[in-house]
Participant: 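Would you mind keeping the following structure in view while I ask a few things?
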Number of protein chains: 2
Amino acid sequence: MSERRSGQGQPDKTLALLWRNHRRPAAEPTANEPARQRGAGRRPSLNVDDVVQTGIRLADEQGLAAASMGGLAKELGVGTMTLYTYVPSKDELLDLMVDQVLVERELPGPGAPRPDDWRAQVEIYSQQTRAMFQQHLWLSQVSTIRPPVGPGMLAGREYLLSAVLGLGLTATETNTAALAITTYVDSAAHLEAESRLVERTTGQTNDAWWFERNDLWETYFDVDRHPAMTAIWHAKGYDSTPADSYRYGLDRLLDGIEAMKTL
Amino acid sequence: MSERRSGQGQPDKTLALLWRNHRRPAAEPTANEPARQRGAGRRPSLNVDDVVQTGIRLADEQGLAAASMGGLAKELGVGTMTLYTYVPSKDELLDLMVDQVLVERELPGPGAPRPDDWRAQVEIYSQQTRAMFQQHLWLSQVSTIRPPVGPGMLAGREYLLSAVLGLGLTATETNTAALAITTYVDSAAHLEAESRLVERTTGQTNDAWWFERNDLWETYFDVDRHPAMTAIWHAKGYDSTPADSYRYGLDRLLDGIEAMKTL
DNA sequence: TGAATTCTCGTATACCCTACGAGAATTGTC
DNA sequence: GACAATTCTCGTAGGGTATACGAGAATTCA
């Protein structure tokens, strides 16, 4: 791990890049596109979107490692250092890639039609988020502890907050509940993607991996030290899938939140 | 990220290493320690525990990157390649480091005294897990999608299962609920550690990071496209800490699980 | 004493990101 | 038409990573 996110130099520049395609009414020209059509200087052969989209495509198809600055440049037919004309660093490029796939996640915006039931609204968030991770498995390799504060991330926060607002809790509790839900959903989607990514890159299913470790039970597992596991095993409690567990946990979390409404 | 866990060559050998200090009654000698005292050949200058403990110490003190094979060898006063006598690869060493800190997490074993209340038992798991991540921030940089199947990991699973068993749900539901709880707790502990790690390595607090991005609100944020965020903001709903949110979410999840008991 | 065994570790390979600075392309001005 | 100003292009170099290979050193037993 290359100690990602060690601090982007100029936040203002990063913000301008993230919001390059979302100008507010009556705003100045953004950083994408030629911008100032006039002016001296060599014409650029690419634009920021080219670099970001190619990065996403390479990472989707061949893994995040393929989206190295060198690999990306080769794919685009330019020298490696040329990319630094469009993007300040690899870290910022990753931010742009992440926010782009967040933008493409289809969540109803304010005013757009949506289910009445707040749980059904949360369900949309859950499904879209998991689908996004499945389509871009490399998301599970990118830290978003300091997320790209771009249009995609804000749209996600906005949607989930608006869903939980329907419950009529206090403002603080609404925010807190929304954070708890994103923690659960995003983390589970993250784990699902990571799991599939490992299966793909190793060429070995999780079942096969566990089978290879059969010796664990025969040689090392001590029944006396693990009575609960043994009990669950004998009661055939180990046949549920990760998806079942995810569903169950999310439903129980929403149950618990909903129960606060009446108090 | 160096595409970790691309598959360890020999699962049997890995298991022997993980369980090197936990022999079952009447088992053969393990892989640690000189083992067969007699026999020809040069005497080893280290043992597996030396390597693992030094790896943990270095990662704790100077970050996971400092626990490279080269850095570790220098710390131990040997050549880099010498380490490969004790550990098959960097990946396996990471497995050993992870399981070691899992072993050191203090959870009551079977038969040991523990609270009567199942929620209090879960609380112990939560606190110990978070403390473990805080003490070994590098855990947040290591994928455990294919966990080290050693004594530490099994002890954790055993404890949480035993706590949930006290609720009297079906075997399948007990297992499912325990998985949901670990997903939530482990993920949140992971995120907490990652957050602190980023603060440490960048030398910048999260508050300072957000402050640097103040332009977001002034220049790019569009109130019309984010009515829910705006409403929460005006109602002063943004003053809760991540710890509050974690607490709230865990309590609601346990509420929801407990409510299944009576149905 | 010599064979067998085991541990030690230098070298070499193939990646990664990016600072630096020289060169190429384009426009506007005189 | 020449030249300055500007902007994009990109080769080189440096410091980092894990580990395959194989020669050499140390130790014990016959």
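Every chain is numbered from 1 and lettered A, B, ... according to where its sequence line falls, protein lines coming before strand lines.
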Participant: Has the side chain of E158(A) got a donor or acceptor atom that lies under 3.5 Å from a matching backbone atom of M229(B)?
Facilitator: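 Yes: the side chain of E158(A) pairs with the backbone of M229(B).
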Participant: NZ of K90(A) versus P of dT18(C): gap in Å, rounded?
Facilitator: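 Atom NZ in K90(A) sits about 8 Å away from atom P in dT18(C).
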Participant: Check whether T144(B) reaches the backbone of P147(B) with its side chain - one donor and one acceptor, N or O, closer than 3.5 Å.
Facilitator: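 Flag not set: sc T144(B) to bb P147(B) has no pair under 3.5 Å.
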Participant: For E75(B), check salt bridge (Lys or Arg N to Asp or Glu O under 4.0 Å) against everything at least two apart and list the hits.
Facilitator: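 Applying salt bridge (Lys or Arg N to Asp or Glu O under 4.0 Å) to E75(B) gives R57(B).
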Participant: Round to a whole Å and report the spacing from CG of D91(A) to P of dC16(C).
Facilitator: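 Roughly 16 Å, once rounded to whole Å.
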Participant: Whole Å only: how far is the CE atom of M69(B) from the P atom of dG10(C)?
Facilitator: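 Result: 15 Å.
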Participant: Go through L96(B) and V48(B) one step at a time and tell me if the side chain to side chain contact (heavy atoms under 4.5 Å, CB included) criterion holds.
Facilitator: CA-CA 9 Å; L96(B) 297 177; V48(B) 177; 4.1 Å; yes
Participant: Using whole Å, what does the distance between atom C1' of nucleotide dC15(C) and atom NZ of K74(A) come to?
Facilitator: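 Computing the K74(A):NZ to dC15(C):C1' distance gives 12 Å.
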Participant: Residues from residues 79-87 of chain A sitting under 4.0 Å of DNA chain D, heavy atoms only?
Facilitator: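 Result for residues 79-87 of chain A: G79(A), M81(A), T82(A), T85(A), Y86(A), sorted by number.
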Participant: R42(B) has an atom CZ; how far is it from atom C1' of dA23(D), in whole Å?
Facilitator: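 Taking CZ of R42(B) and C1' of dA23(D), I get 13 Å after rounding.
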Participant: By nearest heavy atom, map P88(A) and V78(B) onto DNA chain C; which one lands nearer the 5' end?
Facilitator: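 Mapping each residue to its closest nucleotide by heavy atoms, the 5'-most match is V78(B).
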Participant: Could you measure the distance from the CG atom of D186(A) to the OG atom of S140(A)? Nearest 0.5 Å is fine.
Facilitator: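 So the CG of D186(A) and the OG of S140(A) are separated by 13.0 Å.
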Participant: With respect to the side chain of A40(A), which nucleotide from dC17(C), dC7(C), dT27(C) is positioned closest?
Facilitator: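 Closest nucleotide among those given: dT27(C).
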Participant: So which nucleotide from dT28(D), dA25(C), dT18(C) ends up closest to the side chain of S89(A)?
Facilitator: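 Minimum distance to the S89(A) side chain belongs to dT18(C).
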Participant: Could you tell me how far apart L64(B) (CG) and dT17(D) (C1') are, to the nearest whole angstrom?
Facilitator: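 It is 12 Å, rounded to the nearest whole Å.
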Participant: Using the closest heavy atom to pick a nucleotide of DNA chain D for each, name whichever of G70(B) or G41(B) lands nearer the 5' end.
Facilitator: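 Nearest nucleotide further toward 5': that of G70(B).
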Participant: Would you say dT28(D) has OP1 or OP2 under 4.0 Å from some side-chain N or O of R43(B)?
Facilitator: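 Yes, within the criterion.
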Participant: Find the bend of the helix from dT1(C)-dA30(D) to dC30(C)-dG1(D) as the angle between its two terminal axes (five pairs each), to the nearest 10°.
Facilitator: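 One end's axis against the other's: 30°.
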Participant: Excluding sequence neighbours, so at least two apart, what forms side chain to side chain contact (heavy atoms under 4.5 Å, CB included) with P88(B)?
Facilitator: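 P88(B) satisfies side chain to side chain contact (heavy atoms under 4.5 Å, CB included) with L17(B), E92(B) only.
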Participant: Would you call the rings of Y220(B) and W19(A) parallel, tilted or perpendicular, where under 30° means parallel and over 60° means perpendicular?
Facilitator: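 Because their plane-to-plane angle is under 30°, the rings of Y220(B) and W19(A) count as parallel.
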Participant: Restricting to ring-ring contact (aromatic ring centres under 6.0 Å, His included), what partner residues turn up for Y184(A), sequence neighbours left out?
Facilitator: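 Y184(A) satisfies ring-ring contact (aromatic ring centres under 6.0 Å, His included) with Y246(A) once adjacent residues are dropped.
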Participant: Run the side-chain hydrogen bond (donor to acceptor under 3.5 Å, both in side chains) test against E199(B) and tell me which residues pass, sequence neighbours left out.
Facilitator: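 With neighbours one apart ignored, the set is N206(B).
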